[in-house]
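Step one of this worksheet: look at the structure below.
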Amino acid sequence: MTKILVTGANGQLGTELTEALREKYGAERVLATDIRKLEGQEGLFEVLDVMDAERMLALVKDYGITQIYHLAAMLSARGEQNPELAWDLNMNSLLNVLNIARSEKLDKVYWPSSIAVFGPQSPKKDTPQHTIMEPNTIYGISKLAGERWCEYYHDKYGVDVRSLRYPGLIGYKSTPGGGTTDYAVSIYHDALAGDNFTCFLDKHTYLPMMFMSDAIQATIQLMEAPREAIKVRSSYNVSAMSFSPEEVAASIKKHIPDFKIDYAPDFREKIAQGWPDSIDDQAARSDWAWKESVQLEDMTEIMLREIKLMQTI
Ligand code: AKB
């Protein structure tokens, strides 16, 4: 019987993935964990510091966990502020999860990687699944090393660990923290608040992006695919759309003509410069039938409608 533990369950991805997993498997089969409990937190929940391997193991045993979705991590921009902590957290927590998966013979593990594994030497357009990877952020370095560990634990110890290289994720149910792609979420909130939006990236900086419902769909589809269909055991490229700040602003202006944006690129612009403009995800499409549903114009409509609705509740 499937019993899932989610780490980082109160984060941007964790909030929506936990909800989707509960809908799919039943609320009583999904244990949400995070470093702290939210006020009014609903459902099965335990406080868990992912660096604490003993407590993680105890929770796995107590709840009869069969799968872990390990989402807790420090993202790119915050990682640059505290490189050693980012490395320690991102790396050691993954090793804790992989070791528990091995010793407890868990059915499956999910671990997110990122487009941050690529670097300035990687091809910028339609970046292939296999190519030069020389990340220049600590987040990217930790994700690339993590991918190598995942493949190693699969090949050496038979751990069924699966992974996606997410682009920037955009959703309305929770806000991201510490990422370089976060502007593409805040821009919608500021536009609705009637504020002038100052973007920390340059107007022409393209980045691969994905609407949250597509990210959830991709994750569950990957985890549901038969074991033999998963041919990439490091992490799959997945893509949905690519846009620049100027383009997302233009799409918002179609709904809010007075919306104004200006640009004050900071250190995050340099991070973005090292990442791909767009991603080739042919392997995911042919191995387990990945296909996105939401493009920029639809996403803008959904984001503006749903954030407005939440503001009126
Ligand atoms: C970030 O900006 O750090 C993340 C990512 C692309 O992994 N959203």
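Just the heavy atoms: all of them, side chains too, but no hydrogens, waters or symmetry mates, feed the values below. As the structure lists them, so they are numbered: ligands from 1, and atoms in each ligand from 1.
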Asn10 side chain to Gln41 side chain, donor-acceptor N/O pair below 3.5 angstrom = yes
task = Could you pull out the closest heavy-atom pair between Pro167 and Met209, with the gap in Å?
result = CB-N, 3.7 Å
ask   = For ligand 1, which atoms have a heavy atom of Ser76 less than 4.0 angstrom away?
value = 1 (C), 2 (O), 3 (O)
query = Can you tell me if Tyr236 and Ser113 form a side-chain donor-acceptor pair at under 3.5 Å?
reply = no
inquiry  = Suppose we measure from atom 8 (N) of ligand 1 to each protein heavy atom; which comes out shortest, and what is that distance?
reply    = Thr181 OG1, 2.9 Å
Distance-only donor-acceptor check, side chains Ser76 and Thr137, under 3.5 Å = no
message = Test salt bridge (Lys or Arg N to Asp or Glu O under 4.0 Å) on Glu224 and Lys24; report intermediate values, then the result.
response = CA-CA 11 Å; Glu224 291 280 296; Lys24 186 169 175 56; 3.6 Å; yes
query = Can any side-chain N or O of Asn237 pair as donor or acceptor with the backbone N or O of Asp280 at less than 3.5 Å?
reply = yes
message = If I apply the N/O under 3.5 Å rule, does Trp275 come out as touching ligand 1?
response = no
message = Please list, in number order, the atoms of ligand 1 under 4.0 Å from a heavy atom of Tyr139.
response = 3 (O), 5 (C), 7 (O)
ask   = Counting each atom of ligand 1 from 1 as listed, which ones have a heavy atom of Thr180 under 4.0 Å away?
value = 1 (C), 2 (O), 3 (O)
query = Just going by heavy-atom distances, which of Gly168, Ser114, Gly179 is nearest to atom 7 (O) of ligand 1?
reply = Ser114
task = Using a strict cut-off of 4.0 Å, indicate which atoms of ligand 1 neighbour a heavy atom of Leu75.
result = 3 (O)
